[in-house]
Amino acid sequence: MSRAKPVLQGLASLLAGVVFGVGLAVSQMIDPNKVLGFLDLAGDWDASLLLVLGGAVCLSTVLFRVLLRRPAPVLDDHFHLPTSSVIDARLLTGSVLFGIGWGLAGYCPGPVLASVGFGNAEALWVLPAILLGAGLQRWLDQRQAPKPTAVDPPDSLDEFVIKN
Amino acid sequence: MNHFTPVSALVGGLLIGLAASVLLWLNGRIAGVSGILFGLLSGSWPERAWRALFVLGLVLGTAGYLILTGTPAPVRHGFPVPLLLLAGFLTGFGTARANGCTSGHGVCGLARLSLRSLAATGTFLAVALLTTFLVRHVAGLGT
């Protein structure tokens with residue numbers, strides 16, 4: 001039974017991915033012009049995306065409430081939920097940068113992946129750029145990680161410059 | 001020209017919510033596309049396998065739907081490539097930094113009633129609205 005679990009988990013992921021992908025196609029989230037039509041409040045505004053997000057959030061809010069009452073998911077011994085709840089500068093600056101990216105071209109990560117599958121040439125530019133950006137952030141994290149808290153680094157430098 | 005498509009938008013949204021719920025119910029995982037994608041590039045083998053299958057499913061789901069229903073794939077012509085590259089780079093850097101995107105924070109995070117995800121979603125949505133305004137109406141690009 002336990003040997004079959006990784007296979008079943010893989011099938012479950014595949015199934016969830018398929019349903020997710022169909023949802024992106026049905027809702028037309030895969031059309032960057034449709035997305036920008038929603039983000040462009042000052043233009044010929046298209047409210048459709050509000051219903052996409054609204055429908056997704058409402059249904060999953062109800063189902064998550066029920067599902068998370070279980071002691072564990074069906075195919076694993078515990079839920080893998082995010083542990084962080086802090087609202088810090090990192091979260092907000094990251095979200096600002098993502099917002100600029102989303103608003104510039106109308107692509108968030110899900111539709112970009114979906115677009116690779118049906119041969120949208122734009123995705124062949126956007127996806128490598130996404131991976132490059134994510135790689136840079138991860139590289140910065142790794143550079144910072146091993147440093148123990150020794151001497152107070154750049155903050156004091158800024159202060160020094162300002163004082164001068 | 002944009003047309004309000006409430007039915008397909010709502011049905012599509014419900015499918016996305018259903019997909020997120022299936023992944024949580026069966027595997028106990030959060031359906032955050034950026035996190036799943038970036039985790040695919042580094043990490044242990046079983047971790048990579050479920051992520052790869054989710055991504056494969058997503059690609060097949062969209063392509064399969066378009067083929068089976070005979071829906072023409074949306075194509076945009078003449079959008080500036082430098083803008084695509086910049087948009088992609090900021091999206092990758094920003095979602096890796098904020099640990100989530102439209103699906104991870106915007107759908108799953110809000111569904112978990114996470115204030116952190118609410119702050120992220122409010123921020124990227126507001127900034128995206130402002131950015132689109134600046135690009136289309138101030139710079140006159142990309143329309």
Side-chain angles (χ1 to χ4, degrees), chain A residues 9-10 12-14 16-27 31 37 39-40 42 44 46 48 51-52 55-57 59-61 63-64 67 73-76 79-80 85 87 91 94-105 108-110 114 117-118 125-126 129-130 133-134 137, chain B residues 2 5 8-17 19-29 33-34 38 50 53-54 57-59 61-63 65 73-74 84-85 87-98 101-103 107 110-111 116 119-120 123-124 127-129 131-133 137:
Chain A
Q9 284 179 351
S13 288
L14 188 68
V18 168
V19 176
F20 199 104
V22 173
L24 288 177
V26 170
S27 63
D31 182 354
L39 292 176
D40 187 7
D44 184 14
D46 177 357
S48 305
L51 289 171
V52 181
V57 171
L59 181 64
S60 45
T61 302
L63 292 179
F64 276 29
L67 295 172
V74 177
L75 299 172
D76 207 338
F79 287 101
H80 303 262
S85 61
I87 299 171
L91 177 79
S95 297
V96 165
L97 294 173
F98 167 44
I100 297 173
W102 193 27
L104 272 180
C108 54
F118 61 82
W125 297 105
V126 181
I130 285 181
Q137 175 60 54
Chain B
N2 295 299
T5 50
S8 61
L10 193 59
V11 171
L14 290 173
L15 285 169
I16 292 169
S21 302
V22 165
L23 195 65
L24 186 73
W25 176 49
L26 295 175
N27 288 0
R29 299 285 180 170
V33 175
S34 59
F38 304 151
W50 77 264
L53 285 163
F54 181 88
L58 192 158
V59 167
T62 299
Y65 175 84
L84 291 174
L85 292 174
F89 181 81
L90 291 173
T91 298
F93 189 82
T95 54
R97 192 168 176 76
C101 60
T102 343
S103 48
V107 176
L110 294 189
R116 173 175 155 86
T123 303
F124 66 65
V127 172
L129 290 167
T131 303
T132 304
F133 176 77
H137 299 283

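Since this is a predicted model, take the numbers as computed values, not measurements. Hydrogens, waters and symmetry mates are skipped; everything else that's a heavy atom, side chains included, is used. Per chain, numbering begins at 1; letters A, B, ... match sequence-line order.
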Chain B interface, residue from [options] that has the most non-hydrogen pairs under 4.5 Å:
options	value
A:Leu24, A:Leu14, A:Asp31, A:Asp76	A:Leu14
A:Leu63, A:Val57, A:Ile100	A:Ile100
A:Ala56, A:Ala25, A:Ser27	A:Ala56
A:Gly117, A:Ser85, A:Ala105	A:Ala105
A:Gly110, A:Gly103, A:Gly10, A:Ala12	A:Gly103

Measuring from [X]:[atom1] to [Y]:[atom2], what's the distance to the nearest 0.5 Å?
X	Y	atom1	atom2	result
B:Leu23	B:Phe54	CG	CZ	6.0 Å
B:Leu24	B:Arg29	CG	CZ	11.0 Å
A:Phe79	A:Phe64	CZ	CZ	9.5 Å

With chain A as the partner, which of [options] has the greatest number of non-hydrogen pairs under 4.5 Å?
options	answer
B:Leu90, B:Leu58, B:Thr102	B:Leu58
B:Val11, B:Leu110, B:Thr95	B:Thr95
B:Ala120, B:Gly17, B:Gly28, B:Gly94	B:Gly28
B:Leu85, B:Val127, B:Thr91, B:Asn27	B:Asn27
B:Ser34, B:Gly88, B:Ala73, B:Ala119	B:Gly88
B:Leu10, B:Thr123, B:Leu15	B:Leu15

Would you say that [X] contacts [Y] through its side chain, given a criterion of any heavy-atom pair below 4.5 Å between the two side chains?
X	Y	answer
A:Val74	B:Trp25	yes
B:Phe124	B:Cys101	no
A:Ser60	B:Val107	yes

Are A:Phe98 and B:Phe93 an aromatic pair, judged by ring center distance below 6.0 Å?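 Ring centroids of B:Phe93 and A:Phe98 are no less than 6.0 Å from each other.
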Output, in order, the C-alpha distance, side-chain angles, deciding distance and verdict of side chain to side chain donor-acceptor pair (under 3.5 Å) for B:Thr5 and A:Ser48. CA-CA 6 Å; B:Thr5 50; A:Ser48 305; 3.2 Å; yes
Under 4.5 Å from a heavy atom of chain B, the part of A:Leu51 involved: both
Side chain, backbone, both or neither: which part of B:Tyr65 has an atom under 4.5 Å from a heavy atom of chain A? side chain
Tell me if a side-chain donor or acceptor on A:Gln9 pairs with a main-chain N or O of B:Trp50 at a distance below 3.5 Å.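 Answer holds: no.
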